[in-house]
Amino acid sequence: MVEIRLTNTRTRTKEVFTPIDPGNVRLYLCGPTVYDRAHLGNARPVLVFDVLVRLLHHVYGTDAVTYVRNFTDVDDKINAEAQRRRAAGAEAPLEALIADRTDETIAWYHADMDALGNLRPNHEPRATAYIAQMIEMTRELIARGHAYAAEGHVLFDVRSFPEYGKLSGRSVDDMIAGARVEVAPFKRDPMDFVLWKPSDDDLPGWESPWGRGRPGWHIECSAMSAALLGPHFDIHGGGIDLQFPHHENEIAQSCCAHPGAGFANVWLHNEMLQVEGRKMSKSLGNFFTVRDLLDRGVPGEVIRFVMLSTHYRRPMDWTEAKAHEAEAVLRRWHGLVAGIEPAPSPAPAVIAALADDLNTAGAIAALHELAARGDAAGLAASARMLGLLLPGMGDWAVAGDDTARLVEALLAARADARKARDFARADAIRDGFAAAGVEVKDTAAGPEWALAAGFDAHALARLAEAQGA
RNA sequence: GGCGGGUUGGCGGAGAGGUUACGCACCGGAUUGCAAAUCCGUGAAGACCGGUUCGAUUCCGGUACCCGCCUCCA
């Protein structure tokens, strides 16, 4: 049995992972709020968990893993978009406009994450389908003395939970000292957070013991994880920015609603994404979505490779240079594994790297070594652990028939020129191939060719025209 | 103010208290009509200051600089 070690944010140490039930390893990843396209940063935790899930599948068996990732479809940004559409003349009721928006966004999300080669989770609960469970949990928290109703709101009483702040390493008093929190007059403590809030007629709402309203941001994950994984499960994760307040609040809610259950054993947090060395933000103009990259012709597999080439607990810097380098590597690897039957099992070095706190960069280094050794079958089998070189994934790296015809014609023209010792023409074709991103290898058995990074079909067509090929 | 992350060779980026990371680039050689690709090979590091140690880039303390979170955010 492979020993997996993971860095647990809760204990701040790298620990040997021991499942609660090896027959049903359970993980929960905080999913997107579905108000817009997923940006590149949204993809990072999904990729990290995808590799983790593939590793768990390998170690415990595909059927022994339950992976849950939610869709947050109750949110003020969604409401604002729906209200904007109604103001713009949409006739449908607000709830229908919201459903349209969230359905549309979920479809985008699926398409984008699929394009990056991510497995779909076993469950993808929508918050709106678990309102009853959220209300029930809120009632339970009030009954146990951890929450109170005030002016249509229900608030969690952070002073009732001595562990509050433990995950993020802060005390309630410290937080208040540097606080920029909204201090509503009905809060007992400035750090108390909302479990339920009232909705007026312009907002979606559900009937509750506290009047018509909607849930606060954090309660959904507590309710959905409990409903689908139980009150005690193995791994919970997300971006490090969720550590506080979201995950801190989840812990408070879940532990107080289910005393003694334990909630999540291991907390995994990925560091943030940067772009060309700077924070990705709309104001800096370097903000882009996964779809933006895909539409610009960056293959999903290339995005995946770049994202996995930095360890998840380090800041990841997205650069054009990395994308270009990743493309070159993947093209080479696709060429190497084409038509090769993958080995029966992945290379031990790759498994060992991944089992050591998901060292994807180390695993990629091990893949390089397999490639250098010419072990195509091993490379093919091992790359799959990282969700790379999957069947059907490399279509982008393979030349189409039209391209193949042009290249073959040009190669024939070059061979004629060389035979005639017309080296000027032969060199022109050679340089044209290089400029178009076609890599030609002259071997003893004749020329072989492949598309290189930056392949340009138009440049190739122009070359063929110029050479009359 | 509080909490956290980072600083490794030209660039990217890992692990390990003592032995080659790995990739890209560079340089030399083989090969080629010239190249490309390929193969072989060389060189190149650990922000700064202390401490522990026979020995630290790796552990501990401090300094500097960069980044993030504390407000919606993966």
Side-chain angles (χ1 to χ4, degrees), chain A residues 9 12 29-33 35-36 38-49 69 72 75-77 80 165 167-182 191 217 237-248 268-274 277-282 305-306 308-317 319 321-322 324-326 328-329 332 335 349 352-353 356-357 359-372 374 417-419 421-424 426-427 429-431 433-434 438-444 447-450 452-453:
Chain A
T9 313
R12 282 145 214 266
L29 175 65
C30 287
T33 301
Y35 66 98
D36 205 353
H39 65 246
L40 192 59
N42 288 308
R44 175 114 106 138
V46 177
L47 286 162
V48 170
F49 263 62
R69 183 181 65 213
T72 298
D75 177 84
D76 287 344
K77 284 191 286 277
L167 177 72
S168 50
R170 26 190 122 194
S171 73
V172 174
D173 292 325
D174 286 345
M175 287 186 270
I176 293 168
R180 280 180 279 170
V181 290
E182 174 201 1
M191 295 310 294
W217 172 33
I240 188 68
D241 56 332
L242 291 185
Q243 184 185 32
F244 186 87
H246 184 57
H247 289 159
E248 197 72 71
L268 287 190
H269 290 106
N270 59 275
E271 256 295 341
M272 308 300 278
L273 177 91
Q274 298 186 320
R278 313 183 70 178
K279 181 185 180 176
M280 181 167 81
S281 75
K282 285 176 180 166
F305 187 102
V306 172
L308 294 181
S309 65
T310 296
H311 186 92
Y312 76 92
R313 283 189 300 104
R314 292 198 182 232
M316 153 85 221
D317 192 16
T319 65
K322 285 183 183 177
H324 202 259
E325 196 175 306
V329 171
R332 193 162 4 104
D356 182 10
D357 200 24
N359 184 357
T360 50
I364 287 173
L367 294 180
H368 277 298
E369 286 171 21
L370 291 171
R418 290 166 78 180
K419 197 179 284 178
R421 302 198 68 78
D422 180 359
F423 293 125
D427 289 355
I429 295 173
R430 180 198 72 203
D431 294 342
F433 274 140
V438 178
E439 201 167 76
V440 177
K441 311 172 201 183
D442 286 318
T443 70
E448 291 177 9
W449 61 275

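Quick note: numbers below take in every heavy atom, side chains included, and nothing from hydrogens, waters or symmetry partners. Chain letters run A, B, ... following the sequence lines, proteins first, then strands; residues in each count from 1.
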Shortest non-hydrogen separation from A/Pro45 to A/Asn270 and the atoms involved: CB-OD1, 3.3 Å
A/Thr310 versus A/Thr360, closest heavy-atom pair with distance: O-OG1, 3.8 Å
[X] versus [Y]: any side-chain heavy-atom pair under 4.5 Å?
| X | Y | result |
| --- | --- | --- |
| A/Leu47 | A/Tyr312 | no |
| A/Met272 | A/Ile240 | yes |
| A/Val46 | A/Arg69 | yes |
| A/Pro447 | A/Lys441 | no |

Which part of the nucleic acid, if any, lies within reach of [X] when heavy atoms closer than 4.0 Å are counted: base, sugar-phosphate only, or nothing?
| X | answer |
| --- | --- |
| A/Leu273 | base |
| A/Gly238 | sugar-phosphate |
| A/Ala450 | nothing |

Side-chain donor/acceptor contact of A/His269 with base of B/A74 under 3.5 Å: no
Side-chain donor/acceptor contact of A/Asp427 with base of B/G33 under 3.5 Å: yes
In whole angstrom, give the distance that lies between atom [atom1] of [X] and atom [atom2] of [N].
| X | N | atom1 | atom2 | value |
| --- | --- | --- | --- | --- |
| A/Glu369 | B/G23 | CD | P | 7 Å |
| A/Asn270 | B/C69 | CG | P | 13 Å |
| A/His246 | B/C70 | NE2 | P | 14 Å |

Atom pairs under 3.5 Å: protein N/O with N/O of nucleotides 37-40 of chain B:
none

Measuring only the [atom1] atom in each nucleotide, how far is [N] from [M]? A whole number of Å is fine.
| N | M | atom1 | value |
| --- | --- | --- | --- |
| B/G43 | B/U20 | C1' | 13 Å |
| B/C67 | B/G9 | C1' | 23 Å |
| B/C24 | B/U31 | C1' | 23 Å |
| B/G61 | B/G5 | P | 12 Å |
| B/C48 | B/A56 | C1' | 16 Å |
| B/A45 | B/A37 | P | 27 Å |
| B/G12 | B/G17 | P | 26 Å |
| B/G46 | B/A21 | C1' | 14 Å |

Worked check of side chain to side chain contact (heavy atoms under 4.5 Å, CB included) between A/Glu448 and A/Glu439: CA-CA 8 Å; A/Glu448 291 177 9; A/Glu439 201 167 76; over 6 Å; no
Set out, line by line, the N/O atom pairs under 3.5 Å between protein and nucleotides 25-31 of chain B.
none

A/Ser168 and A/Gln243 side chains, donor-acceptor separation under 3.5 Å: no
Minimum-distance nucleotide (side-chain atoms of A/Phe244 versus B/G33, B/C70, B/G23): B/C70
Protein-to-nucleotide contact annotation, 5' to 3' order, nucleotides 3-14 of chain B [B base; S sugar-phosphate only; - none; under 4.0 Å, heavy atom]: SSSSS----SSS
Nearest-nucleotide 5' precedence on RNA chain B, A/His368 against A/Arg421: A/His368
Earlier contact from the 5' end, RNA chain B, for A/Pro245 and A/Phe423: A/Phe423
Ring-base stacking, A/Phe433 with B/A36 (5.5 Å, 30° cut-offs): no
Greater than 12 external heavy atoms within 6.0 Å of A/Arg421's CZ: no
Under the ring pair (Phe, Tyr, Trp, His ring centres under 6.0 Å) test, residues paired with A/His324 that sit two or more places apart: none
Side chain to side chain donor-acceptor pair (under 3.5 Å) against A/His269, all qualifying residues, sequence neighbours excluded: A/Thr9, A/His247
Under 3.5 Å donor-acceptor, A/Asp356 side chain and A/Asn359 backbone: no
Exam field: side chain A/Thr72 to backbone A/Thr33, donor-acceptor pair closer than 3.5 Å: no
Note: A/Asp357-A/Arg313 ion pair, threshold 4.0 Å (strictly below): yes
NZ/NE/NH1/NH2 to OD/OE distance under 4.0 Å, A/Asp442 and A/Arg418: yes
Where RNA chain B forms stems, i.e. three or more consecutive Watson-Crick or G-U pairs with both distances under 3.5 Å: B:1-7 with B:64-70, B:10-12 with B:22-24, B:27-30 with B:38-41, B:47-51 with B:59-63
